[in-house]
2 protein chains.
Amino acid sequence: MVYNFKFDQQNVRKHHYFLLLSLIQKHKKISRSQLSKFTGISNTTVGKITKSLMKDDLIIEKGQTEGEIGRKASLLEINPKGAFIIGISIDINSIKIALVTLNGEIVDKTQVACKVKHHPRETLDQLITLTKQFIENKPKKILAIGISMPGLISWPDGLAVRVPQFNWHEVEVRDYLKDKLNFDIFVDNDVRSVLLAEYLFGNLNNMHNSTCIYIGSGVGSSVMINGQIVRGHNNMLGEIGHTTMNPNGALCDCGRLGCLQTYICISEIEKQTQRSMDEVILAYKNNEDWAVRVIDRAKNYLGIAISNIICTYNPEAVLLAGPLIERFPEITKNLEADTKKHIWSPLKESFLLLKASLGEDSDIIGASALVLNNFLKNTANNEKR
Amino acid sequence: MVYNFKFDQQNVRKHHYFLLLSLIQKHKKISRSQLSKFTGISNTTVGKITKSLMKDDLIIEKGQTEGEIGRKASLLEINPKGAFIIGISIDINSIKIALVTLNGEIVDKTQVACKVKHHPRETLDQLITLTKQFIENKPKKILAIGISMPGLISWPDGLAVRVPQFNWHEVEVRDYLKDKLNFDIFVDNDVRSVLLAEYLFGNLNNMHNSTCIYIGSGVGSSVMINGQIVRGHNNMLGEIGHTTMNPNGALCDCGRLGCLQTYICISEIEKQTQRSMDEVILAYKNNEDWAVRVIDRAKNYLGIAISNIICTYNPEAVLLAGPLIERFPEITKNLEADTKKHIWSPLKESFLLLKASLGEDSDIIGASALVLNNFLKNTANNEKR
DNA sequence: TTTAAACTTAATTTACAATATAAACTTATT
DNA sequence: AATAAGTTTATATTGTAAATTAAGTTTAAA
């Protein structure tokens, strides 16, 4: 058992260095003196540290404060050309790779089709080749590589424990890629990375307690508490797909009754209706009885699920994300009002219901967010090889 | 907006001082050289800091390591007579006050009957008088006062927002007591303090991710993540009593259907059966039909609730506590096996199901745990007056 | 069996390096 | 001249490595 809580002089300096960097990132533009006031760090030290951040090309000086009497403060901001992140998403049939700034902006991007299912080794080898090509003619400073993919991923060791969508089991994604690519690699699932992305770059700015409900082929959730993604004892925190919503409900794949997944996820709705999700939604729009029944039931249970989530996590915001949410806005129509009707009254006004805001590239931005978050917190990723 | 993340020299020293103190508390007995190895802090510094801890009477040297070659290390432990905590519990009809050591041991205790219901001011004034009397002839060093009580308590400002059991609303418990008693005051509810107490002194040793389900007149839960009690955006994290367990269930007080509280809590069972809980349990033991029906249903829903809790929080351990659990062991008979039958299989072996171990004084020990936890983490409690 | 040298680990002392700060000072603007 | 931003200078605090002292065990010769 080793505790790494000590602060020797170097650690203090490093801590302050990244603290100031993350404040600059968060505030977009901020002056030295404001940094000093906000943190309590003396102006002397702020001056020294910002000088070293500039020497490292992580920040630049741009513009000044306006008005007021006295000398104007010059503003500091992230150097958009100083350091980059490689964000990668692995999807059921494609790999996306992007070069992303520390502000979450995509500078360059490539996407290729790819048979992911059943082929972990081939997929990763293809990913490695692609990444090498992608990086080759970019002589930029790359901090690390972030990877977003579905499934149960263990943190921080980046082991894909179970990926039902790909039929992968126990694939050592991080270690395999780290060996071949020689970068630090951060891997997490789509549910967590989209939440982190919205927190750092999107709709959840400064909401330190929030929950994401992600609905695609299954249902999952991710949770941020006090600004940290929390993962539970076995990285399975938020696995709400198999919470029992109705003990007398329908039989789930897992052999139990009335799991949330039996009411609201694409694969189950398709299975139950024997149609594609697009057909179901079309029929729903045309007010066809069978479709209205299944979609209204889904919406009803989604409302209950949100209400239960709010009771259990008491978040400031609930973020809805995932293919079902993003491709079929019908599902979330009137959802906020419906949820407020369902929910226990003391919590009625406690939360915001938001939809993912980062669009189709949210996955690669999320992958980059994994890296940025760890870089700004200055947490290494070298454990347990 | 002010960020207090800086580490000047004094903060570093303070941080290390409390880090070593908390490790000594946790390990019961530990040598300087082990402290140095565990933390990475140099033996020089460990020597200096432990010397200052001894000067402050917080630790003592006692005994030595055994066997091995080389010089024996002398062991450090908490000085049981060095500093104390006042732990207070407020219950529906009594107030308990105890003098507690930093190891969670009760040194002295007093208990008085008291009409709490509807009388916040009188109750607090009585509590103040009692506490003053209690402290009077104890010329010991008292760190702070911890208070455990039911209801929704906001943290860290110690405002009793809603206490249905007492019919209290918006009572400024912390600030009122702080003014009159001139001690730092830490207030939280019974559900959270019992979890913290079991973590620091009881069954949950070193289980940094755990959840407590507390069943009494209502149902609540408290959650520890990475060794921290988490409270959510409005201190309502864990309010599972009004999660919907069955959308077609019975009508709850709150006006909604099928809340967990309608299936398993003393007041509801008494209301539904029109008998006292003791009578219900007696009848259940005698195999009377009506009692078997209601208790078996309660047990069934408790199993589902635990299963859902495990999916949502993925804890290492689930702690069962509260009057219903502690007074009626029938409720939890075979519960672990039953839960494992219900639960989603990937999580089947992920958790321990434990019962509260600290007995009838768990409330005052919990109150002390609130203080100890904050003292060891060196977090002040002066915000937002 | 005795005993002293060699060895091992614990803990303290000493000399030094890193860092943060306050105070003084310079710069830029009203 | 006044005010605020930012830098320089002198200094105090703290932590560490290396050296030293302390306290025990092992080994082997007497």
Side-chain angles (χ1 to χ4, degrees), chain A residues 3-21 23-24 27 29-56 59-77 378, chain B residues 3-21 23-24 27 29-56 59-77 378:
Chain A
Y3 303 91
N4 265 328
F5 301 135
K6 76 154 179 176
F7 282 97
D8 58 13
Q9 286 97 327
Q10 278 107 314
N11 282 331
V12 170
R13 169 50 68 98
K14 222 188 250 178
H15 174 82
H16 286 168
Y17 178 98
F18 284 101
L19 173 60
L20 294 186
L21 181 61
L23 287 179
I24 294 165
H27 287 257
K29 285 173 175 294
I30 190 168
S31 72
R32 283 167 250 256
S33 73
Q34 285 176 80
L35 285 172
S36 171
K37 274 175 210 145
F38 284 173
T39 59
I41 297 172
S42 69
N43 52 359
T44 317
T45 302
V46 169
K48 277 186 206 160
I49 291 177
T50 51
K51 186 177 283 179
S52 112
L53 282 165
M54 288 176 80
K55 211 186 95 217
D56 296 345
I59 61 170
I60 52 173
E61 217 166 10
K62 194 173 167 192
Q64 295 187 313
T65 48
E66 314 220 334
E68 312 287 315
I69 60 177
R71 177 176 171 176
K72 284 175 181 159
S74 45
L75 292 167
L76 304 171
E77 59 180 67
N378 184 31
Chain B
Y3 302 92
N4 265 327
F5 301 134
K6 76 156 178 176
F7 282 97
D8 58 13
Q9 286 97 326
Q10 278 107 314
N11 281 333
V12 169
R13 169 51 69 98
K14 223 189 250 178
H15 174 81
H16 286 168
Y17 178 97
F18 285 100
L19 173 60
L20 295 187
L21 181 61
L23 287 179
I24 294 166
H27 288 257
K29 285 172 175 294
I30 192 169
S31 72
R32 282 166 249 254
S33 73
Q34 287 177 77
L35 284 172
S36 171
K37 274 175 209 143
F38 285 173
T39 58
I41 298 172
S42 69
N43 50 1
T44 316
T45 303
V46 169
K48 277 184 206 163
I49 292 176
T50 51
K51 186 177 282 177
S52 111
L53 283 165
M54 289 177 78
K55 212 186 94 215
D56 297 344
I59 62 170
I60 51 173
E61 217 167 13
K62 195 173 166 192
Q64 295 188 312
T65 48
E66 313 221 333
E68 310 288 314
I69 61 178
R71 174 175 172 176
K72 286 174 179 159
S74 46
L75 292 167
L76 304 170
E77 58 180 69
N378 185 29

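Letters go in sequence order (proteins before strands), and every chain restarts at 1.
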Next item on the list: In whole angstrom, give the distance that lies between atom CG of A:L20 and atom C1' of D:dG6.
Entry: 15 Å
Note to self: Rounded to whole Å, please give me the gap between CD1 in A:I49 and P in C:dA18.
What the structure shows: 16 Å
Check: B:K72 has an atom NZ; how far is it from atom P of D:dA23, in whole Å?
Finding: 13 Å
Check: Would you say B:R13 reaches D:dT13's phosphate, i.e. side-chain N/O to OP1/OP2 under 4.0 Å?
Finding: no
Check: Which nucleotide in the set D:dG15, C:dT21, C:dA10 lies at the smallest distance from any side-chain heavy atom of B:T45?
Finding: D:dG15
Next item on the list: May I have the distance from B:K14 (atom NZ) to D:dT13 (atom C1'), rounded to whole angstrom?
Entry: 14 Å
Notebook entry, point to check: When you measure from the side chain of A:V12, which nucleotide among C:dT12, C:dT19, D:dT7 comes out closest?
Noted result: C:dT19
Check: Side-chain N or O of B:H16 less than 4.0 angstrom from OP1 or OP2 on D:dG15?
Finding: yes
Note to self: Given the structure, check if the side chain of A:T44 and the base of D:dT7 hold any donor-acceptor pair shorter than 3.5 Å.
What the structure shows: no
Note to self: For a quick test of reading the model: is some side-chain N or O of A:Q34 closer than 4.0 Å to OP1 or OP2 of D:dA5?
What the structure shows: no
Note to self: Nearest whole Å is fine: how far is C:dA11 C1' from B:I41 CD1?
What the structure shows: 16 Å
Check: Just checking A:S74: base, sugar-phosphate only, or nothing, at a heavy-atom cut-off of under 4.0 Å?
Finding: sugar-phosphate
Checklist line | Atom pair distance, as rounded to whole Å: CD in B:E66 and P in C:dT9 | finding: 18 Å
Margin query: What contact category does A:S33 fall into here, base, sugar-phosphate, or nothing, at under 4.0 angstrom with non-hydrogen atoms?
Written below: sugar-phosphate
Next item on the list: Flag yes if more than 12 heavy atoms outside B:K62 fall under 6.0 Å of its NZ atom; otherwise flag no.
Entry: no
Next item on the list: Compare the minimum distances between each of D:dT3, D:dG15, C:dA10 and the side chain of B:R71, then state the nucleotide with the smallest one.
Entry: C:dA10
Notebook entry, point to check: Which nucleotide, D:dT16, D:dG6, C:dA11, lies nearest any side-chain atom of B:K48?
Noted result: D:dT16
Checklist line | Minimum-distance nucleotide to A:K51 side chain [options: D:dT8, D:dT16, C:dT29] | finding: D:dT8
